[in-house]
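See below for the structure under consideration.
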Amino acid sequence: MNDQPAEPTAPLDYKGHQILLTSRQEADGTWVCEYLINELGKPQKEFSKGHPDGSSPSREAAELAAVQKAKALIDLR
């Protein structure tokens, strides 16, 4: 199995921020998901981006881990 191209998902609104996810499948079959956090109404101002540590066995699990980490960062503000 080869690395699959990144697959963006629909944005998620959370506490005045928008969370954008992009997931991809690695060569070993695991999934990773990156998040990008923008403030709503300020699309040019990027708040934070990153990804959870490690990889996940499914796309859903990778996206859930990314959303949880992004929400935790927003909650810290």
Side-chain angles (χ1 to χ4, degrees):
M1 188 176 294
N2 295 328
D3 285 345
Q4 297 296 314
E7 300 178 30
T9 62
L12 171 70
D13 293 339
Y14 181 73
K15 293 187 177 179
H17 295 80
Q18 188 175 62
I19 303 169
L20 304 162
L21 302 175
T22 304
S23 53
R24 72 177 185 281
Q25 191 171 26
E26 299 290 320
D28 64 0
T30 61
W31 287 82
V32 294
C33 184
E34 297 178 342
Y35 60 83
L36 173 67
I37 303 169
N38 289 315
E39 289 186 55
L40 287 175
K42 300 179 185 177
Q44 301 302 322
K45 184 176 180 185
E46 181 181 293
F47 170 65
S48 182
K49 66 179 175 178
H51 57 83
D53 295 331
S55 58
S56 300
S58 69
R59 179 180 179 173
E60 294 79 12
E63 290 176 356
L64 177 61
V67 167
Q68 289 173 336
K69 185 165 184 179
K71 285 182 175 182
L73 288 172
I74 293 168
D75 290 342
L76 288 174
R77 290 193 81 192

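In this structure, Q18 CD and I37 CD1 are separated by 11.0 Å, a value rounded to the nearest 0.5 Å. To the nearest 0.5 Å, atom OG of residue S58 and atom CD of residue Q25 are 10.0 Å apart.
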Going through the checks in order, is the side-chain contact (heavy atoms from CB on, under 4.5 Å) test met by L21 and L12?
CA-CA 9 Å; L21 302 175; L12 171 70; over 6 Å; no
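Heavy atoms from other residues, nucleotides or ligands lying under 6.0 Å from CG of D13 number more than 12.
Shortest non-hydrogen contact noted between W31 and P57 is CD1-O, 4.0 Å.
Listed by chain and number, the residues in a side chain to side chain contact (heavy atoms under 4.5 Å, CB included) with E34 are R24, H51 (sequence neighbours excluded). Residues meeting the side chain to side chain donor-acceptor pair (under 3.5 Å) test with T30, sequence neighbours left out: D28, S55.
Looking at heavy atoms from C-beta onward, L73 lies in side-chain contact with Y35 at the 4.5 angstrom threshold.
Each salt bridge (Lys or Arg N to Asp or Glu O under 4.0 Å) pair with one or both residues in residues 62-75, not counting sequence neighbours, appears once here: K15-D75, R59-E63.
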